[in-house]
Amino acid sequence: MTYTPQLRELLTRVEATRNKRLQGYFPRLMAAEKEEVLRKFHPDYIEASMRPLQVGVNTGDRVPHELADLLEARSRLENVRLDLEQLQYDVDVLVVGGGGAGAAAALLAQEQGANVLLLTKLRFGDANTVMAQGGIQVADKANDSPAVHYLDVIGGGHFSNVPELVRALTMDAPAALRWLEDLGAMFSKEDDGTMKSIHGGGTSRKRMHFARDYSGAEIMRTLRDEVRNRSLRVVEFCAVVELLLDEGGRAAGAVLYNMETGEYEIARAKTVILATGGSGRLHYQGFPTTNHYGATGDGLIIGYRAGARLAFMDTIQYHPTGAAFPPQILGLLITEKVRGLGAEPVNIDGEQFVHPLETRDVESSAIIREIKDRGKGIVTETGMVGVWLDSPMIEIIHGPGTIERELPAMVRQFNRFGVDIVRDPMLVYPALHYQNGGLLIEENGRTNIENLYVAGECAGGIHGRNRLMGNSLLDIVVFGCRAGRDAGARAAGVRVGKLHLEHVTAYHRQLEANGVLTAGRVAPLLLPRYTHRSR
Amino acid sequence: MTQETELLNVYIMGKSYQVPASLTIMNALEYAGYQLVRGCGCRAGFCGACATVYRIKGDYELKVGLACQTKVEPDMYLTQLPFFPAQKAEYNIRELKATAEQIAYYYPEIYRCIGCNACTKICPQDLKVMQYIGYAQRGQIDRCADESFDCVMCGLCASRCPALIVHYNVGILARRLYSRYLVPPAGHLQDRVTEIRSGKFDEDIAMLMTASADELKKRYNERDIEPE
């Protein structure tokens, strides 16, 4: 579906201002202006979108209704007869989740000599990791340092991040990238081996490293290939529906669910690492999402039910540039690298209204303001509204051929539906992108439940209230490795007691005692439902 | 969902369903009532989970596409490729050589290519698959890495190959060999790792970790930003 004649008419206004925009410099917002646009227009600030939890360790904390509905739900195992002594798997380290964090954790745990089992509810590698196009932040250039990176991270997170986690993230970053380089991940480089790097939203140095615009895909396929080279046991289409604890209240295994046969199985483990990813497929506030099909927050649910603490679950990241057109790719992630290379958000009159590289929360809020408050959005024939993202500016700035070379995935995805982003801008609107919070961890991925670890998007505290671009691919590698290393080493000294599910029974009792109406809801969700009948 | 437009007929594994003409194949499967378990992944053209084979009624030709990236057409006969039992060699990437012989050791079948070009014709990413296998045969590992880079490993090429080549596994081996052995390592990266291990930044970080919120805000708001 190409642009209609009406939209094409509007495009002339965008083209008319290019020379002016090329000459001028659009200022970044001052601190007070950022606060104002966030307060008035960021979706997190809509009071009615959240409610306080009525059960569990975070009782009283506000979370989005869609998540609260699942946290205040019943176990899938109610009325299921299980023999917890009938072990299908008995391992040292159980890794739940087959994205980047899970793969990194599994590799490092095995390197400690542990017997590792990796479970994933879809295919190995089906995760948000594979979709991350933009890049990975590492402070490795002469004008940069981990301290400069630290300040960017904590400022981007509105000074709410856990300092020890930010230290781990920024200080481990070069070694994490070196590890990937050594494994043969194909990062974009100069001829002499120097890593190419550009700016991302909220960065003060050009430290965004990338592998064309398949950065996450390249990291994922390299780690997956490495896991398969090391005869590490991977079971696909196998979800975890509850954690198992032992008498000491320690994490000691999980109840597994075969996504295809519907059978339950028991896995015993000395340590458990949850790397189940985010929750964009819960569609908070009805937003379209850039997330993977499996991003239903399962780890949050089973971890919370077992007593692990959540942090920052009242903050969600909206990516400023989800596709608003064509309708077939509504919500598709348009990588921040597009703005990093010089494409600017532009309104219906062809005017730029925000610096292209504000932090994601500010950039999103400014786009929402331009549309809702100032009425300067562009309405498509489906009723979807967006603003232009002027991609042809990239070629004007960097020369012909840049888009094809640096953004091949983007070019292909839009071409399939009749839009040529080399010649014409894209239409964008913020899309649900990232779970800033998660289960609270310390530096090695440990939680408040003994022998339970969390890594990747499922973890909370690293990014505080807002994550910067390129720190998520970094986070999954750094904390995947840390959790894997620690859980693998620790397993040797663990003696597992008798397995039980009493925490689930107790959770149900607490729901009832607090008068929480679960209305037939069961969780974790495992998969979203998009079938005709349920619409 | 987009607006309710005209409906068209598709056959999902032989059964007829009426679906809106604006949908992708994936949305059409869901519209028809399927809750997908296999054959659905990132929904954005990156993961290769939704390789789909189809034929238009009255035509003999088999076509393919990623379900999330292909629009429905009238009278499409659709089925998905949920899994392909491809062989993958196990190797220690740290003990290899970036040569044609090395690739041939693990994947000797690449020399059985009969030049039919079925792999290239079927690739939903429009890669020149046969070409990159040719580069692998001749030890042009850099070109093989470059040409195969956009591969999403959906498996369609291998499903069509009369010589039983698993192209995408050859591609990733070539990319890993190229990146590890043929491209110089980033000196500045290794230097930074060494500096961090020597404790060069410990003091700076400790200072930031103990700074007051106001001090941090001041430093953040006044930090210099590298020009674009």
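Sequence lines set the chain letters: A, B, ... in the order given, protein chains first and strands last, and positions in each chain run from 1. These values consider heavy atoms only, across backbone and side chains, with no hydrogens, waters or symmetry-generated copies.
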When the aromatic ring centroids of A:Tyr150 and B:Phe201 are compared, is their separation below 6.0 Å? no
Tell me, side chain or backbone of [X] under 4.5 Å from chain B's heavy atoms, or both, or neither?
{"X": "A:Leu332", "value": "side chain"}
{"X": "A:Arg207", "value": "neither"}
{"X": "A:Gln133", "value": "side chain"}
{"X": "A:Asn128", "value": "neither"}
{"X": "A:Leu151", "value": "both"}
{"X": "A:Ala185", "value": "backbone"}
{"X": "A:Val138", "value": "side chain"}
{"X": "A:Ala142", "value": "backbone"}
{"X": "A:Arg178", "value": "both"}
{"X": "A:Ile198", "value": "neither"}
{"X": "A:Glu218", "value": "side chain"}
{"X": "A:Lys206", "value": "both"}
{"X": "A:Pro528", "value": "backbone"}

Locate the shortest heavy-atom distance separating [X] from [Y]; write the atom from each residue and the value.
{"X": "B:Arg180", "Y": "A:Asp182", "value": "NE-O, 2.6 Å"}
{"X": "A:Asp140", "Y": "B:Arg192", "value": "CA-NH1, 3.8 Å"}
{"X": "A:Tyr214", "Y": "B:Gln125", "value": "OH-NE2, 3.2 Å"}
{"X": "A:Leu122", "Y": "B:Val37", "value": "CD2-O, 3.4 Å"}
{"X": "A:Met195", "Y": "B:Ala186", "value": "CG-CB, 3.8 Å"}
{"X": "B:Cys42", "Y": "A:Val130", "value": "CB-CG1, 4.4 Å"}

Check each atom of [X] against the heavy atoms of chain A and say whether the ones under 4.5 Å are side chain, backbone, both or neither.
{"X": "B:Lys200", "value": "neither"}
{"X": "B:Ala206", "value": "neither"}
{"X": "B:Asp150", "value": "both"}
{"X": "B:Leu66", "value": "side chain"}
{"X": "B:Tyr34", "value": "backbone"}
{"X": "B:Phe149", "value": "both"}
{"X": "B:Glu195", "value": "neither"}

Are [X] and [Y] close enough that some pair of their side-chain heavy atoms sits under 4.5 Å apart?
{"X": "A:Arg416", "Y": "B:Thr70", "answer": "no"}
{"X": "B:Glu226", "Y": "A:Lys141", "answer": "no"}
{"X": "B:Ile172", "Y": "A:Arg224", "answer": "no"}
{"X": "B:Asp224", "Y": "A:Arg205", "answer": "yes"}
{"X": "B:Asp202", "Y": "A:Met171", "answer": "yes"}
{"X": "A:Arg123", "Y": "B:Cys47", "answer": "yes"}
{"X": "A:Asp225", "Y": "B:Arg175", "answer": "no"}
{"X": "A:Leu177", "Y": "B:Leu189", "answer": "yes"}

Would you find more than 12 non-hydrogen atoms of other residues, nucleotides or ligands less than 6.0 Å from [X] atom [atom1]?
{"X": "A:Glu404", "atom1": "CD", "answer": "no"}
{"X": "B:Tyr105", "atom1": "OH", "answer": "no"}
{"X": "A:Lys196", "atom1": "NZ", "answer": "yes"}
{"X": "B:Asn92", "atom1": "CG", "answer": "yes"}
{"X": "B:Arg219", "atom1": "CZ", "answer": "no"}

Roughly how far apart are [X] [atom1] and [Y] [atom2], rounded to 0.5 Å?
{"X": "A:Gln328", "Y": "B:Asn27", "atom1": "CD", "atom2": "CG", "value": "8.5 Å"}
{"X": "A:Tyr530", "Y": "B:Arg43", "atom1": "OH", "atom2": "CZ", "value": "5.5 Å"}
{"X": "B:Arg176", "Y": "A:Thr222", "atom1": "CZ", "atom2": "OG1", "value": "6.0 Å"}
{"X": "A:Arg167", "Y": "B:Ile205", "atom1": "CZ", "atom2": "CD1", "value": "8.5 Å"}

Qualifying residues under ring pair (Phe, Tyr, Trp, His ring centres under 6.0 Å), relative to A:His355, sequence neighbours excluded: A:Tyr25
Would A:Trp179 and B:Val193 count as a side-chain contact (heavy atoms from CB on, under 4.5 Å) if you check the C-alpha gap in whole Å, the side-chain angles of each, and the deciding distance to 0.1 Å? CA-CA 11 Å; A:Trp179 181 59; B:Val193 172; over 6 Å; no
Say whether, by atom type as modelled, one donor and one acceptor occur between the side chain of [X] and the main chain of [Y] under 3.5 angstrom.
{"X": "B:Glu90", "Y": "A:Arg230", "value": "no"}
{"X": "A:Asn229", "Y": "B:Tyr91", "value": "yes"}
{"X": "A:Glu181", "Y": "B:Pro185", "value": "no"}
{"X": "B:Tyr220", "Y": "A:Phe159", "value": "no"}

Under a 4.5 Å cutoff for heavy-atom pairs, which residue among [options] has the most contacts with chain B?
{"options": "A:Pro146, A:Ala175, A:Ala147", "value": "A:Pro146"}
{"options": "A:Asn143, A:Leu183, A:Leu526", "value": "A:Leu183"}
{"options": "A:Met131, A:Arg412, A:Arg28, A:Lys121", "value": "A:Arg412"}
{"options": "A:Glu236, A:Gln413, A:His158, A:Met259", "value": "A:Gln413"}

Note: A:Asp126-B:Arg38 ion pair, threshold 4.0 Å (strictly below): no
Less than 4.0 Å between a side-chain N and a carboxylate O, is that true for B:Arg223 and A:Asp152? yes
Could you give me the CA-CA distance, side-chain angles and deciding distance for A:Ile154 and B:Met209, then say whether side-chain contact (heavy atoms from CB on, under 4.5 Å) is met? CA-CA 10 Å; A:Ile154 210 151; B:Met209 287 178 72; over 6 Å; no
For B:Ser179, which residues count as a side-chain contact (heavy atoms from CB on, under 4.5 Å) partner, sequence neighbours excluded? A:Met186
Do the numbers put A:Arg221 on top of the ring of B:Phe46, so that NZ or CZ is under 6.0 Å from the six-membered ring centre and no more than 45° off the axis? no
